[in-house]
S.K.: 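Quick one: the structure is below, and I'll ask about it shortly.
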Amino acid sequence: MPELPEVETTRRGIAPHLLGARVVEVIVRRRDLRQPVSKSLAAIEGRRITGIRRRAKYLLLEIDDDSTLLIHLGMSGNLRVATAAQPWKSHDHLGITLARGKQLRFHDPRRFGLVLRLTGDLPAHPLLAKLGPEPLEEGFTTAHLAVACAKRSVAIKLVIMDAKVVVGVGNIYASEALFRAGIRPQTMARRLSKPRLAKLVAAIRAVLTEAIADGGTTLRDFLHADGKPGYFKQRLRVYQRTGEPCRVCGTPIRHTVTGQRSTFWCPQCQK
DNA sequence: ACTGGCTCCTGAGGGC
DNA sequence: TGCCCTCAGGAGCCAG
């Protein structure tokens, strides 16, 4: 599924088409996503889209009636800018038609995604209220991560994937960041020294920044708003490279399971 | 308060 | 070819 770089790539792709555009029609073909699509979605018809932000892995479309569309892509979702005339593909669950025939399509085979219309106090919404800092903003510091790791008897990989600690780091970039920081994913969080956590903070920032620059990672479902894939897959150093030589030392990459999720690491480079 | 495990859903890929 | 099993980029919820 889309992690932070894929969601940010999507945001940048759709923004030029959506910003300032008027909504002509909302078409809901399938309502049963992770939560039902908001019944009030049709209320944005005739309204204008005034902003497109990202918080964690959520996209926030700001509407000029002071409501916000909150969109999450789940594991298999993508948004693309099509035309209203284009035929619907299976699992295209929702379309937002804009002026001049453009249409934003929400596509999500597994339906773990979300499309909600929120009104009122946005930061207080239960889906947003407990989120940790953005990894590419100032609030994500070594001191912050150290507090989150203190006394925690879980693998460090699970800590950096915990959205209450830091948002946007999913299963791909968790393995990649830990490789770059030279830390084994299964290391107990409370056993890591401050200098090692500082390396991890820097590694998370670096890997996410590079992935955004490359337009994200396409493994299967993720596509840009224009239908093209992301290219960061070519730069993955450990993810899904079991048995292949480490790009640094040549040792075969290993695979383990941490918290029911696949984990990839180099036994030589990571201690 | 933590921690680990299960769950939602569909499709792809491997083994036999 | 076809069937069955396992696994997949997220994250909320539950029980111990």
Side-chain angles (χ1 to χ4, degrees), chain A residues 1-11 29-37 54-59 70-79 89-94 106-116 125-132 135 147-178 185-190 204 207-208 211-212 214-224 229-236 238-243 255-264:
Chain A
M1 124 69 213
E3 303 183 32
L4 185 149
E6 291 74 38
V7 179
E8 179 61 23
T9 297
T10 299
R11 189 191 71 76
R29 304 175 83 224
R30 190 147 186 176
R31 198 170 283 280
D32 54 335
L33 306 182
R34 188 171 108 212
Q35 289 178 33
V37 172
R54 179 189 57 73
R55 173 72 175 112
K57 297 171 188 165
Y58 295 101
L59 284 168
L70 177 145
I71 300 175
H72 195 287
L73 302 176
M75 287 276 263
S76 58
N78 64 61
L79 287 170
K89 295 192 212 168
S90 81
H91 310 299
D92 281 353
H93 303 310
L94 189 128
F106 175 84
H107 174 92
D108 183 12
R110 293 175 75 180
R111 305 205 315 279
F112 289 174
L114 275 182
V115 180
L116 299 176
H125 190 276
L127 290 170
L128 303 174
K130 290 175 185 166
L131 294 175
V147 169
C149 287
K151 301 181 197 166
R152 287 203 66 186
S153 308
V154 284
I156 184 62
K157 178 167 180 259
L158 298 180
V159 174
I160 63 174
M161 289 179 68
D162 180 348
K164 293 188 288 302
V165 175
V166 58
V167 300
V169 182
N171 204 37
I172 298 177
Y173 300 112
S175 280
E176 293 296 312
L178 287 161
Q186 57 273 46
T187 306
M188 201 83 89
R190 63 181 152 83
I204 289 170
V207 74
L208 295 177
I212 290 169
D214 259 11
T217 302
T218 297
L219 298 176
R220 181 170 300 161
D221 300 292
F222 173 70
L223 294 173
H224 295 190
Y231 295 109
F232 194 73
K233 185 176 184 195
Q234 300 166 16
R235 294 202 209 284
L236 295 175
V238 289
Y239 189 80
Q240 286 190 348
R241 296 193 64 242
T242 311
H255 170 264
T256 48
V257 174
T258 313
Q260 296 87 240
R261 309 294 296 278
S262 267
T263 303
F264 304 87

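Only heavy atoms go into these numbers, but all of them, side chains included; no hydrogens, no water, no symmetry mates. A, B, ... follow the sequence lines: proteins, then strands. Residue 1 opens every chain.
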S.K.: Contact class for A/Y173 vs. all strands (heavy atom < 4.0 Å): base, sugar-phosphate, or nothing?
M.R.: nothing
S.K.: What residue among A/L128, A/L73, A/V7 forms side-chain contact (heavy atoms from CB on, under 4.5 Å) with A/Y58?
M.R.: A/L128
S.K.: Nucleotide range of DNA chain B contacted by chain A, 5' to 3', under 4.0 Å to a heavy atom?
M.R.: B/dT3 to B/dG11
S.K.: What is the distance from CD of A/Q260 to P of C/dC14, rounded to the nearest Å?
M.R.: 17 Å
S.K.: Given C/dA11, is OP1 or OP2 found less than 4.0 Å from the side-chain N or O atoms of A/R261?
M.R.: no
S.K.: Short question: side chain of A/N171, backbone of A/S262 - any donor-acceptor pair under 3.5 Å?
M.R.: yes
S.K.: Which value, rounded to the nearest 0.5 Å, describes the distance between A/E176 atom CD and A/E3 atom CD?
M.R.: 9.5 Å
S.K.: Please tell me if the side chains of A/V154 and A/D162 come closer than 4.5 Å, counting only heavy atoms from C-beta onward.
M.R.: no
S.K.: Mind calculating the distance between CG (A/D108) and P (C/dA11) to the nearest angstrom?
M.R.: 12 Å
S.K.: Could you give the distance from NE2 (A/H107) to CG (A/L94), rounded to the nearest 0.5 Å?
M.R.: 13.0 Å
S.K.: Has A/F112 got its ring stacked on C/dG10, by the test of a centre gap below 5.5 Å and a plane angle below 30°?
M.R.: yes
S.K.: Got a donor-acceptor contact below 3.5 angstrom from the A/T263 side chain to the A/R261 backbone?
M.R.: yes
S.K.: Check the distance between C/dG10's P and A/R55's CZ and give it to me in whole angstrom.
M.R.: 16 Å
S.K.: Applying salt bridge (Lys or Arg N to Asp or Glu O under 4.0 Å), name anything that partners A/R54, two or more places apart in sequence or on another chain.
M.R.: A/E8, A/E134
S.K.: For A/S153, what residues pass the side chain to side chain contact (heavy atoms under 4.5 Å, CB included) criterion, not counting sequence neighbours?
M.R.: A/M188, A/R190
S.K.: Tell me the interatomic distance from A/N171, atom CG, to C/dA11, atom P, rounded to whole angstroms.
M.R.: 11 Å
S.K.: For A/D92, is there an ion pair with A/R29 - N to carboxylate O distance below 4.0 angstrom?
M.R.: no
S.K.: Please tell me which of A/G259 and A/R30 maps to the more 5' nucleotide of DNA chain B, matching each residue to the nucleotide holding its nearest heavy atom.
M.R.: A/G259
S.K.: For DNA chain B, what is the dot-bracket line, given that a base pair needs Watson-Crick (N1 to N3, plus N6-O4 or O6-N4) or G-U wobble (N1-O2 and O6-N3) geometry with both distances under 3.5 Å, and | means paired with another strand?
M.R.: .|||||||.|||||||
S.K.: Could you tell me the separation between the CG atom of A/L114 and the P atom of C/dG10, rounded to a whole number of Å?
M.R.: 14 Å
S.K.: For the pair made of CE in A/M75 and C1' in C/dT6, what is the distance, rounded to whole Å?
M.R.: 13 Å
S.K.: Any side-chain N or O of A/H72 under 4.0 Å from OP1/OP2 of C/dG10?
M.R.: no
S.K.: Using only atom types and a distance under 3.5 Å, with no angle test, would you say the side chain of A/S175 pairs donor to acceptor with the backbone of A/Y239?
M.R.: no
S.K.: Measure the distance from NE2 on A/H91 to P on C/dA8 and round it to the nearest whole Å.
M.R.: 20 Å
S.K.: Under the rule for side chain to side chain contact (heavy atoms under 4.5 Å, CB included), what residues qualify as partners of A/A211, not counting sequence neighbours?
M.R.: A/P5, A/Y173, A/F232
S.K.: If you measure from the P atom in C/dC3 to the same atom in B/dC9, how many Å do you get, rounded?
M.R.: 24 Å
S.K.: Does any part of the side chain of A/R55, heavy atoms only, come nearer than 4.5 Å to the side chain of A/V167, both counted from C-beta?
M.R.: yes
S.K.: Near DNA chain B, which residues from residues 151-164 of chain A have a heavy atom under 4.0 Å away?
M.R.: A/R152, A/S153, A/V154
S.K.: What is the distance from CG of A/N78 to P of C/dG10, rounded to the nearest Å?
M.R.: 15 Å
